[in-house]
Number of protein chains: 2
Amino acid sequence: MPSITRRRPRNPDGRAAVEARVLAATERLLREGIRFTDLGVQRIAAEAGVARSTFYTHFRDKTELLMRLAGTMRETSFGRTGEWSPAGPGDPLTTLTDVFADVIRIYRTYAPVLAAVSEVAAYDEVVREYWAAGLERFVARTVQALRVEQEAGRTPAGVDAETAGRLIVIGGDRFLADHVSATPADPETDAAAARELAATWWYGVYRRPA
Amino acid sequence: MPSITRRRPRNPDGRAAVEARVLAATERLLREGIRFTDLGVQRIAAEAGVARSTFYTHFRDKTELLMRLAGTMRETSFGRTGEWSPAGPGDPLTTLTDVFADVIRIYRTYAPVLAAVSEVAAYDEVVREYWAAGLERFVARTVQALRVEQEAGRTPAGVDAETAGRLIVIGGDRFLADHVSATPADPETDAAAARELAATWWYGVYRRPA
DNA sequence: CTCGTTGCCGGACACAGTGTCCGACATAGT
DNA sequence: ACTATGTCGGACACTGTGTCCGGCAACGAG
């Protein structure tokens, strides 16, 4: 009867280590300002110190690489940003400002990856749907919060919650991407941006006059 | 002494007619939903009924073609959108709503070209600068209008005009692109979007409480 | 009519990047 | 020793881009 013991490689994390190297190399190159579309697989492989054909044993293609990068970013960062509620503790305009300050921090940290996702989303259906699904979750939360405020009579019934929610999330996303790419990482500039975002949505939407 | 009379082709507009055919063909294909990045020169040439090599006698490359398309769109459409002033005649919120209704109409008419420009701007420096320059003009006007309002005491001094201007233009642009791609061309939907845009910026920025 | 110019056509070529496949090799475990 | 695993380097097919070229049609001047 043949043995059923299976061989184990010495380093069971060998494959994961190579993938981590490729992901890190990609991020480094994006940080240098190279557009994802202009970034060839050979360049990524060289930066990671692996053969180009090895890249393809780990990732089906560049799009899959990007989705992996984006997934990692999402896991580590975007959890807290849906927590604000107009009825929560403290002054809601202040807490909304705090949330946007956090969001700006995240956008700054992940600016290159976010830019790459946004770039590829424009012409790749898979990435587009991935990105859109993420934004749609924020839209849904925002719309829900607006509806609660409307039922409580604090937000006027005349506010179109769906449209306003899309403006806040989709418009705000693009503004943030522009902000972090166009300004240096300066605490005062970012604080001012957080205040503007919070005040504009607060007075313009949540507490718009009837 | 040799004659200095030059030959004229029978149809002096022959070249222009070919270029117009190529531009129109490109628009048709974009309207079909094909991404500009996925649209090869051979496809465009075939749709226009010219040889691929002829394409290159008229356009240096696809980017130049897109810039030509965008230039034509701009000449014919965006002139009136900078004309609103908070101090102009009539109720400013109503006139701002009217302006946004017009803007939405333009975005709908040129949605495929706008999408293509936005798509390529993400990875091509020339297109990016072209697009950014256009938006920056709107930002500058908006900031100027806000400053006038602040000096007249109608907009609070606490509003960061530069940041708010960028939010209105850059955030608004992205919202509009999303709106026209995600919703059918319906007068009520577009009117609601125009109202939301106008009211959000009006109450959230121009007439934000001090 | 001939001749020369213009513009387009179709095709060939070089190039770069993508994705696939393969033989060789190093390493580790049985 | 043998086998399995993972990587390497290289070759190949394919696609699209950009360039170049000879041939042809249409037109105008002499």
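Note that the structure is predicted; figures quoted are calculated from it, not measured. Chain identifiers are assigned alphabetically (A, B, ...) following the order of the sequence lines, protein sequences preceding nucleic acid strands; residue numbering begins at 1 within each chain.
Using a cutoff of 4.0 Å between basic side-chain nitrogens and carboxylate oxygens, B:Glu47 and B:Arg21 are not scored as salt-bridged. For the pair A:Arg166 and B:Glu196, the salt-bridge criterion is not met [side-chain N within less than 4.0 Å of a carboxylate O].
Distance CG (B:Asp61) to P (D:dT17): 10 Å, rounded to an integer number of Å. Counting to the nearest Å, the P atom of D:dG6 and the CZ atom of A:Arg21 are 15 Å from each other. Here the P atom of nucleotide D:dG9 and the OH atom of A:Tyr56 are 16 Å apart, to the nearest Å. Rounded to whole Å, the distance from CD1 on B:Ile44 to P on D:dG16 is 12 Å. Taking atom CG on A:Asp38 and atom C1' on C:dA16, their separation rounds to 13 Å, with Å as the unit. Distance A:Phe36 CZ to C:dT18 P: 10 Å, rounded to the nearest Å. Atom P of nucleotide D:dC20 and atom CZ of B:Phe55 are separated by 17 Å, given to the nearest angstrom. To the nearest angstrom, C1' of C:dT27 lies 16 Å from CZ of A:Arg15.
Between B:His58 and C:dC8 there is a side-chain N or O to OP1 or OP2 distance below 4.0 Å.
In this structure, of C:dT18, D:dT17, C:dC8, it is C:dT18 that holds the atom nearest to the side chain of A:Val41. The side chain of A:Val18 lies closest to D:dT7 when the candidates are C:dC8, C:dG19, D:dT7.
Contact annotation: side chain of B:Arg52 to base of C:dG11, donor-acceptor pair absent below 3.5 Å.
Between B:Phe59 and B:Phe55, the ring-plane angle classifies as tilted under the 30° and 60° cut-offs.
Mapping A:Ser53 and A:Leu39 onto DNA chain C by nearest heavy atom places A:Leu39 at the nucleotide closer to the 5' end.
Judged purely by distance below 3.5 Å, without hydrogens or angles, the side chains of A:Tyr56 and A:Asp61 never pair a donor atom with an acceptor atom.
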